[in-house]
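Notes follow the structure.
Model, not experiment: these values are computed from the prediction.
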Amino acid sequence: MVEKFEPLFLDFVKREMQQDLAHDLNHVLRVVKVAKSLCHEEGAKLEVVVPAAYLHDCFSFPKNHPERATSSLLAGQKAQKFLESVAYPSVYFPEISHAILAHSFSAKVKPKSLEAKIVQDADRLDAIGAIGVARCLQVGTALGAGLYNAFDPFAQEREWDDRQYCVDHFYIKLLKLADTMNTASAKAEADKRTVFMKNFLTQLGNEI
């Protein structure tokens with residue numbers, strides 16, 4: 001059933017999504033791909049997971065916006081209005097809205113359903129691994145952060161500060177995300193991606 005709606009979901013996010021380096025169309029497509037895979041592995045409902053994955057960032061404040069934590073709530077409201085307009089089965093609306101709300105790291109909402117757990121896992125997986133390294137550097141640079149502290153790159157004698165240095169963000173957040181995964185399938189993938197990030201940081205340390 002959900003497959004026939006996917007072109008509509010894609011057209012909507014292309015038209016309505018506020019593109020930035022952290023949340024662009026490629027991010028959405030990766031999250032959808034991973035969410036579908038997790039859905040099949042974990043036995044969840046595609047009818048909830050697929051629209052939530054497509055629409056999870058249909059509204060998003062910038063990373064440094066003071067209202068950042070409310071983005072997923074507003075995205076869920078916007079998504080439901082769209083789903084109503086395309087006559088998507090309303091029986092799934094509460095679960096889709098919750099999955100969109102709970103996906104956000106900054107919202108700090110605990111996912112209550114398997115479907116919400118999968119959407120959150122898929123979104124967090126896109127923050128780590130090779131794509132996570134690239135996104136971290138892209139977003140950090142856009143926000144004016146340097147790559148690392150020249151005198152103490154791995155914070156041996158200072159506090160971590162990811163507003164100033166991209167490398168610090170790995171230690172403040174990214175290397176910890178594997179432990180926040182909800183599903184066994186996502187945890188296994190997160191562990192692999194975390195190994196890649198650790199190897200990247202080791203190599204970076206050797207070079208500097």
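Not counting sequence neighbours, the partners of H56 by the ring pair (Phe, Tyr, Trp, His ring centres under 6.0 Å) test are H27, H103. In terms of the side-chain hydrogen bond (donor to acceptor under 3.5 Å, both in side chains) criterion, residue partners of D11 (sequence neighbours excluded) are, by chain and number, R15. For Q203, the side-chain contact (heavy atoms from CB on, under 4.5 Å) partners are N206, E207, not counting sequence neighbours. Looking at residues two or more places apart in sequence or on another chain, you find no salt bridge (Lys or Arg N to Asp or Glu O under 4.0 Å) involving D162. Under the side-chain hydrogen bond (donor to acceptor under 3.5 Å, both in side chains) criterion, D168 pairs with R158, not counting sequence neighbours. Applying the side-chain hydrogen bond (donor to acceptor under 3.5 Å, both in side chains) test to T180 and every residue at least two apart in sequence or in another chain returns R124. Listed by chain and residue number, A190, D191, T194 satisfy the side-chain contact (heavy atoms from CB on, under 4.5 Å) test with A178 (two or more places apart in sequence, or in another chain). Listed by chain and number, the residues in a side-chain hydrogen bond (donor to acceptor under 3.5 Å, both in side chains) with Q80 are E84, S97 (sequence neighbours excluded). Every residue two or more places apart in sequence or in another chain that forms a salt bridge (Lys or Arg N to Asp or Glu O under 4.0 Å) with E16 is listed here: K78. Residues satisfying the ring pair (Phe, Tyr, Trp, His ring centres under 6.0 Å) criterion with F105, sequence neighbours excluded, are absent altogether.
The list of ring-ring contact (aromatic ring centres under 6.0 Å, His included) pairs with a residue in residues 114-168, not counting sequence neighbours, reads W160-Y171. Listed by first and then second residue, the ring-ring contact (aromatic ring centres under 6.0 Å, His included) pairs that reach into residues 74-95 are F5-Y88, F9-Y88, F12-F82, sequence neighbours excluded.
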